2 protein chains.
Amino acid sequence: MNDLVDGFTCAECLKKCSLFKTLSKEQLDEIYNHRYDTTFREGEVIAKQGSPISNVVSLSDGLAKLVLETPGKPDILLSIVKPTNLITSPGMFLDNRYHFSVISLTDTKACFINMTIIRQLFGENKEFQKRFHYSVGERSVMLFSRFRNLIHKNMAGRLADAILFLSNEIYESPEFNMDLRRSDLAEYSNMTKESVSRILKEFKEQKLFHIENDTARILDMNRLVQIARNG
Amino acid sequence: MNDLVDGFTCAECLKKCSLFKTLSKEQLDEIYNHRYDTTFREGEVIAKQGSPISNVVSLSDGLAKLVLETPGKPDILLSIVKPTNLITSPGMFLDNRYHFSVISLTDTKACFINMTIIRQLFGENKEFQKRFHYSVGERSVMLFSRFRNLIHKNMAGRLADAILFLSNEIYESPEFNMDLRRSDLAEYSNMTKESVSRILKEFKEQKLFHIENDTARILDMNRLVQIARNG
DNA sequence: GATTAATTGTGATATATATCATGTATGTTT
DNA sequence: AAACATACATGATATATATCACAATTAATC
């Protein structure tokens with residue numbers, strides 16, 4: 001985890017989210033003057049459900065989860081964000097509040113960019129605005145697929161989905177460091193952590209997937225995809 | 001079900017969606033010149049998941065359901081739209097495809113407004129654009145609450161939710177004509193129609209809610225709310 | 001109005017998953 | 001290194017809900 005963010009302007013930063021690549025040098029400098037970055041330790045709250053959205057958050061290092069909180073009920077893990085992802089929230093165009101919480105899964109570094117500047121850039125740069133709405137649409141469609149996974153599939157299918165999501169979307173490799181606890185996997189797959197343990201054991205026995213010393217590895221991608229599909 | 005739409009321009013129409021009230025006479029006339037209206041019988045497909053979004057649909061009469069389709073699995077009823085509601089889709093800013101289907105629950109009448117005109121109006125009328133994005137945000141947040149309902153609650157809670165949604169949001173009365181079949185309620189509440197029957201029977205026995213000759217009536221709002229809450 | 005089809009209701013049984021209780025490993029603090 | 005806390009694993013049991021089979025309405029068609 002190196003330190004590229006610090007000491008660089010947004011224009012120079014190699015860890016800015018892809019959305020920002022549509023911006024001019026001047027616009028990036030404008031952002032640079034209205035941003036700050038912070039580090040978080042594992043488990044800390046980066047943004048709290050219900051609180052006002054005064055900044056857009058761009059993750060530069062680490063991993064974070066988006067969770068729906070409900071008093072007295074387990075959290076629902078909606079999605080995971082990785083570096084270079086901008087965390088947009090539907091509340092931005094609605095009531096200016098977060099409708100989910102963002103919690104770090106590892107030590108993370110994040111840039112907070114003043115919301116007013118973002119809105120101002122919408123007027124100045126149509127391409128930026130277009131891409132911003134694109135990413136909002138993307139997250140909505142992703143929620144539809146979450147709906148399907150959670151509602152239609154059995155536990156093995158849901159957990160296989162979680163593993164494939166991590167491998168394909170987050171770590172982009174069949175082998176990766178498992179930064180999620182069993183309880184995170186449970187929140188993602190809508191089951192208890194006990195059930196996660198049991199199914200993980202099955203996957204290991206069937207030589208589909210295993211975790212050893214925090215290193216996760218997909219051993220039989222085809223069968224795992226099949227379980228996720230038919231689940 | 002009267003005929004206000006026909007023979008009226010958009011400017012005169014009393015059934016235009018509230019979003020359009022931000023538009024000027026000229027802008028409404030522009031819409032009027034790029035719209036057509038159609039009627040649908042119960043059960044007909046107004047918009048099909050996967051097909052291109054060439055129009056924005058405004059419901060002027062009847063009721064329609066938004067459903068997530070998955071081959072080989074039961075549909076997931078996401079929401080219901082009623083007259084004066086505009087049907088926006090996250091695909092509009094993404095891949096220009098419907099990510100759910102819209103199916104009429106009753107005989108309906110709908111206005112189809114050319115998408116290009118809508119996009120054009122975004123540039124002309126900031127207030128219109130702003131409200132449009134507001135309604136997109138609203139639908140997203142509504143999905144979060146659907147997530148919670150379906151994931152955290154037991155069957156009685158989920159069905160009580162469905163009934164309260166119909167009463168509060170759709171019919172705006174504790175008594176209403178039940179346009180949904182048991183199977184629609186099942187799709188909304190993620191259970192089988194057999195289970196819907198059984199719980200409806202319980203609600204009737206406990207004098208909370210009953211349906212007689214397609215007329216639904218909430219008998220004990222407080223207890224129903226409590227069941228939906230604690231569910 | 002009789003016949004057929006579709007929707008709804010009901011009971012018996014099966015099944016997936018949660019819950020609870022407890023054990024084991026792993027890591028952290030003093 | 002010992003004591004404690006935290007994460008993970010596993011077994012026995014309970015429970016909610018689906019499934020299946022069929023009965024009873026209600027609606028549609030000839």
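The sequence lines fix the lettering, A, B, ..., with proteins before strands; numbering per chain opens at 1. Just so it is clear, the model here is predicted, and its values are computed rather than measured.
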Whole-Å gap separating [atom2] ([N]) and [atom1] ([X]):
X         : N       : atom1 : atom2 : result
Ile199(B) : dT10(C) : CD1   : P     : 13 Å
Lys193(A) : dT10(D) : NZ    : C1'   : 13 Å
Leu200(A) : dA25(C) : CG    : C1'   : 16 Å

### Message
I'd like to check the salt bridge (charged side-chain N to carboxylate O under 4.0 Å, His left out) partners of Glu194(A); sequence neighbours left out, ordered by chain and number.
### Response
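Partners of Glu194(A) under the salt bridge (charged side-chain N to carboxylate O under 4.0 Å, His left out) test: none.
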
Check residues 138-148 of chain B and write down every donor-acceptor pair under 3.5 Å in which the side-chain atom is one partner and the other belongs to a residue at least two apart or another chain.
{"from": "Arg139(B)", "atom 1": "NH1", "to": "Thr88(B)", "atom 2": "O", "distance (Å)": "3.3"}
{"from": "Ser140(B)", "atom 1": "OG", "to": "Ser140(A)", "atom 2": "OG", "distance (Å)": "3.4"}
{"from": "Ser145(B)", "atom 1": "OG", "to": "Met142(B)", "atom 2": "O", "distance (Å)": "3.3"}
{"from": "Arg146(B)", "atom 1": "NE", "to": "Leu78(B)", "atom 2": "O", "distance (Å)": "2.9"}
{"from": "Arg146(B)", "atom 1": "NH1", "to": "Tyr188(B)", "atom 2": "O", "distance (Å)": "3.4"}
{"from": "Arg146(B)", "atom 1": "NH2", "to": "Leu77(B)", "atom 2": "O", "distance (Å)": "2.5"}
{"from": "Arg146(B)", "atom 1": "NH2", "to": "Tyr188(B)", "atom 2": "O", "distance (Å)": "2.9"}
{"from": "Arg148(B)", "atom 1": "NH1", "to": "Glu69(A)", "atom 2": "O", "distance (Å)": "2.6"}

Can you tell me which residue pairs pass the salt bridge (charged side-chain N to carboxylate O under 4.0 Å, His left out) test with a partner in [range], sequence neighbours excluded?
range                       : answer
residues 154-164 of chain B : Lys153(B)-Asp161(B)
residues 76-89 of chain A   : Lys82(A)-Glu172(A)
residues 86-103 of chain B  : none
residues 207-225 of chain A : Glu175(A)-Arg217(A)

### Qualifying side chain to side chain donor-acceptor pair (under 3.5 Å) pairs, either residue in residues 178-187 of chain A, two or more places apart
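Listed by first then second residue: Glu42(A)-Arg181(A), Lys65(A)-Asp184(A), Lys65(A)-Glu187(A), Tyr171(A)-Asp179(A), Asn177(A)-Asp179(A).
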
### Query
Applying ring pair (Phe, Tyr, Trp, His ring centres under 6.0 Å), which residue pairs with at least one partner in residues 37-58 of chain B are found, sequence neighbours left out?
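Listed by first then second residue: nothing to list.
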
### Summary
Once base and sugar-phosphate atoms are separated, protein heavy atoms under 4.0 Å mark nucleotides 11-28 of chain D, 5' to 3', with B, S and - as BB----SSBB--------

### Query
Given axes from five pairs at either end, by how many degrees does the helix from dG1(C)-dC30(D) to dT30(C)-dA1(D) bend, rounded to 10°?
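Between the axes fitted at each end of the helix from dG1(C)-dC30(D) to dT30(C)-dA1(D) lies an angle of 40°.
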
### Query
Near DNA chain D, under 4.0 Å by heavy atom, which residues of residues 175-184 of chain A?
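When residues 175-184 of chain A is checked for heavy atoms under 4.0 Å from DNA chain D, the hits, listed by number, are Arg181(A), Arg182(A).
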
### Counterpart residues, side chain to side chain donor-acceptor pair (under 3.5 Å), relative to Thr192(A) (two or more places apart)
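With sequence neighbours excluded, Thr192(A) shows a side chain to side chain donor-acceptor pair (under 3.5 Å) to Ser195(A), given in chain and number order.
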
### Any Ile227(A) side-chain heavy atom under 4.5 Å of Leu208(A) side chain
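A side-chain contact exists here, since the closest heavy-atom pair is under 4.5 Å.
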
